[in-house]
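Notes for the one structure printed next.
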Amino acid sequence: MKDGSVDQERDVIVGIDLGTTNSLVAFMQDNHPVCVQDTNGKNTLVPSVVHFTAAEQVLVGDAAKNLLVSDPAHTIYSVKRLMGKSYKDVAGFQGFFGYKILDDDAESLVKIRVQDRYYTPVELSAWILRELKTRAESRLGAKVSKAVITVPAYFNDNQRQATRDAGKLAGLDVLRIVNEPTAAALAYGIGLAPQQSECIAVYDLGGGTFDISILQIQDGIFEVLATNGDTFLGGDDFDRAVIDFFLKQLNIDAEILAEEKSLGQEIRLQAEAAKKALSTADQFEGRIGGKAVRISRTEFESLVQPLVQRTLDCCRNALSDAKLQTHQIQKIVMVGGSTRVPLVKQQVSAFFQQPVFDNLNPDEVVALGAAIQADILAGNQKDLLLLDVTPLSLGIETVGGLMDTIIARNSKVPNKAGRQYTTSVDGQKNLKIAVFQGERDLVEHNRKLGEFVLRGIPPMPAGLPKIDIQFILNADGILTVRASELRSGVAQEVDIRPTYGIDEEEMARMLLDSIAHAQEDRQVRGLLEARNEANNLLYSGEKFLEQNRAILAAEEVEQTKKLLNDLLEATKLDDKDVIHRAIETLNTYTSPLAHRAMDTTIRAAMRGTKVSEG
Ligand code: ADP
Ligand code: MG
């Protein structure tokens, strides 16, 4: 066995921090977690950036990050912000991204367009995960197929599921999704002693986001009492403050900068270098465009002071949500590269009136903790309590025969999770709910556990009913599925026994199948989702034409009809990108028409005229 490599007989489970700015992979070596370095043995961070070259090659990490300024349209960063989000969710911060996010009005999940292709955040994250997997494999000299992946504590069910899907697509069996603050605490050994009960705060200031989490730890269970933060506050803002400072020093107009990309890039790089240097030095001196620039630690601190203050306001809110006072917090864990800034440490420490935990590398601590969690799951830490988990995912069938997971495999038991659905046809009265178990994207490849019909939904237009489906899994593994239409209160409930009749072997086979078929499943899912979206649009497009004929010019009606027909034709092909292109063309053309229709309706309403129901 090579020095430093691990026992190949045993499966290595890696821990992955899939970050907004940087990602890392770690594993246990001689009972200690270590982060995997790049081949130069220098860097453990992989920038979470994906670049598509003209030849449709994919670059990940530093190589991609270097192209951010020169080729923003093909370089995708911050994809974590889009995980499990719909267009509606991200509408407010479109301007933040340098690449093309499709801006349909729809509730469907976001897609990103690069040239003529459409990617989901799941697919893009899978590229980053593949890079980490490859890195770990070359470091370990063995195949890596199991992982624990961390997510922010505030991630909802959709975002967690999307992260799992990305892992599967990258060829990883995701054993557990772990909260980032929990992982950070584990890295410091907090919560590993069985009887301990305490409240801790995890302060995470990364590249573009700030999160504060208050956790209560008891008997190995980490409960999130409160989270708070700012999704647009982080080290990037520190950089921006330094950039402005240098611009003033050099007497350069911000507008000039927009045109001179290489100068802009140079200032950006120098600003980040200055910020990092000032974490240990008192002075920074550099050169930009041949001219000297300088900044002192004191100057830097007065620039970022208001930003740090904002993080403290979030801490105060989190504490008040958790109904705790600073003296009731026993430990403060510092996470994220930006907590290297001494002012940040000082102020956080002053706020909580105690020293902070900052011995570990703040940008590695989450990955290190994920590796520890992986080791616990592997059964290498025998004395630790392991909660019972569901062996396979549980979900329902949605339009097109797709599996929609409600309780993911490896979730704690007992468990309760739910999701809301709606109807796809006007006046729909009944809804069939078919419950499945398994990891594949199409229900036909999974195991059917049962079905029932929710009857008596009062007639409403498609999309209006709010059908809530709850999965309640009790400690004995019995699943109760409850469906109710929230507007009318119509409800129905059934009990199902999920694992009945499946042995270990079959479970393992179902799991391996799902990873082996992840790529093709994803393609089928992509196509079916595109078709569903197209069908919804065809339906609402026809309705729109019917209802708004009066305010549309004849050629507008003609053109809309033509585009609807193009879309209909596109759905007959087996290419999701063709469908997405047709959707985008139709949306681009009709969105001003829809606005006009809305204005007319509002104006009519304000005049007190009764608006016809169409
Ligand atoms: P994320 O969790 O968002 O993926 P990280 O925890 O890796 O991000 O933090 C990245 C941020 O940390 C960047 O803004 C980077 O400039 C900053 N950073 C890294 N090292 C230092 C340092 N020595 N001093 C100050 N900031 C730093
Ligand atoms: Mg992070």
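We count ligands from 1, going down the list as the structure has it; atoms in each ligand are counted the same way.
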| query | Do any nitrogen or oxygen atoms of Val341 come within less than 3.5 Å of a nitrogen or oxygen of ligand 1? | reply | no
| query | For the rings on Phe284 and Phe300, is their centre-to-centre separation under 6.0 Å? | reply | no
| note | Under 4.0 Å from one or more heavy atoms of Glu272, ligand 1 contributes atoms 15 (C), 16 (O)
| field | Which of the ligand 1 atoms, numbered from 1, are nearer than 4.0 Å to a heavy atom of Gly336 | value | 6 (O)
| Do the charged groups of Lys276 and Glu272 touch, with an N to O distance under 4.0 Å? | yes
| message | My understanding is that only one of Asn317, Ile214, Leu319 makes a side chain to side chain contact (heavy atoms under 4.5 Å, CB included) with Asn228; could you say which? | response | Asn317
| field | Donor-acceptor contact below 3.5 Å, side chain Arg81 vs main chain Thr231 | value | yes
| request: Look at ligand 1 and say whether Gly234 reaches it with a heavy atom at a distance under 4.0 Å. | output: no
| task | Report, in ascending order of atom number, the atoms of ligand 1 lying under 4.0 Å from any heavy atom of Gly19. | result | 4 (O)
| message | Starting from atom 7 (O) of ligand 1, what is the nearest protein heavy atom, named by residue and atom, and what distance separates them? | response | Asn22 ND2, 2.8 Å
| task | Could you tell me whether some N/O pair between Thr21 and ligand 1 is separated by less than 3.5 angstrom? | result | yes
| request: List the closest protein heavy-atom neighbour of atom 2 (O) of ligand 1: residue, atom name, distance to the nearest 0.1 Å. | output: Gly206 CA, 4.1 Å
| request: Would you mind finding which of Glu364, Arg340, Lys275 brings a heavy atom closest to atom 17 (C) of ligand 1? | output: Lys275
| query | Would you call Asp237-Arg240 a salt bridge at under 4.0 Å N-O? | reply | yes
| request: Answer yes when Lys168 and Glu439 have at least one side-chain N-carboxylate O distance shorter than 4.0 Å, and no when they do not. | output: no
| Out of Arg164, Lys80, Arg160, Met83, which one pairs with Val151 under the side chain to side chain contact (heavy atoms under 4.5 Å, CB included) rule? | Arg160
| request: Compute the shortest N/O to N/O distance between Leu205 and ligand 1 and return yes if it is under 3.5 Å, no if not. | output: no
| said: So that I know where these two stand, are Phe96 and Phe232 an aromatic pair - ring centroids less than 6.0 Å apart? | reply: yes
| What atoms of ligand 1 come closer than 4.0 angstrom to any heavy atom of Gly235? | 14 (O)
| note | Within the 4.0 Å heavy-atom cut-off, what Ser279 brings close to ligand 1 is side chain
| Between Asn43 and Asp38, is there a donor-acceptor pair closer than 3.5 Å when you use the side chain of the first and the backbone of the second? | no
| remark: When distances are taken from atom 19 (C) of ligand 1, the protein heavy atom at minimum range is Lys276 CE, 3.6 Å
| said: Can you confirm whether His32 is buried at NE2, in the sense that more than 12 heavy atoms of other residues, nucleotides or ligands lie under 6.0 Å from that atom? | reply: no
| Any N or O on Asp363 sitting closer than 3.5 Å to an N or O of ligand 1? | no
| request: Check whether any N or O atom of Thr209, backbone or side chain, sits under 3.5 Å from an N or O atom of ligand 1, and answer yes or no. | output: no
| request: Could you name the option among Gly207, Pro362, Pro47, Pro342 that has the heavy atom nearest to atom 13 (C) of ligand 1? | output: Gly207
| Is it the case that more than 12 heavy atoms not belonging to Arg117 sit under 6.0 Å from its CZ atom? | no
| field | Minimum-distance protein heavy atom relative to atom 6 (O) of ligand 1 | value | Gly337 N, 3.0 Å
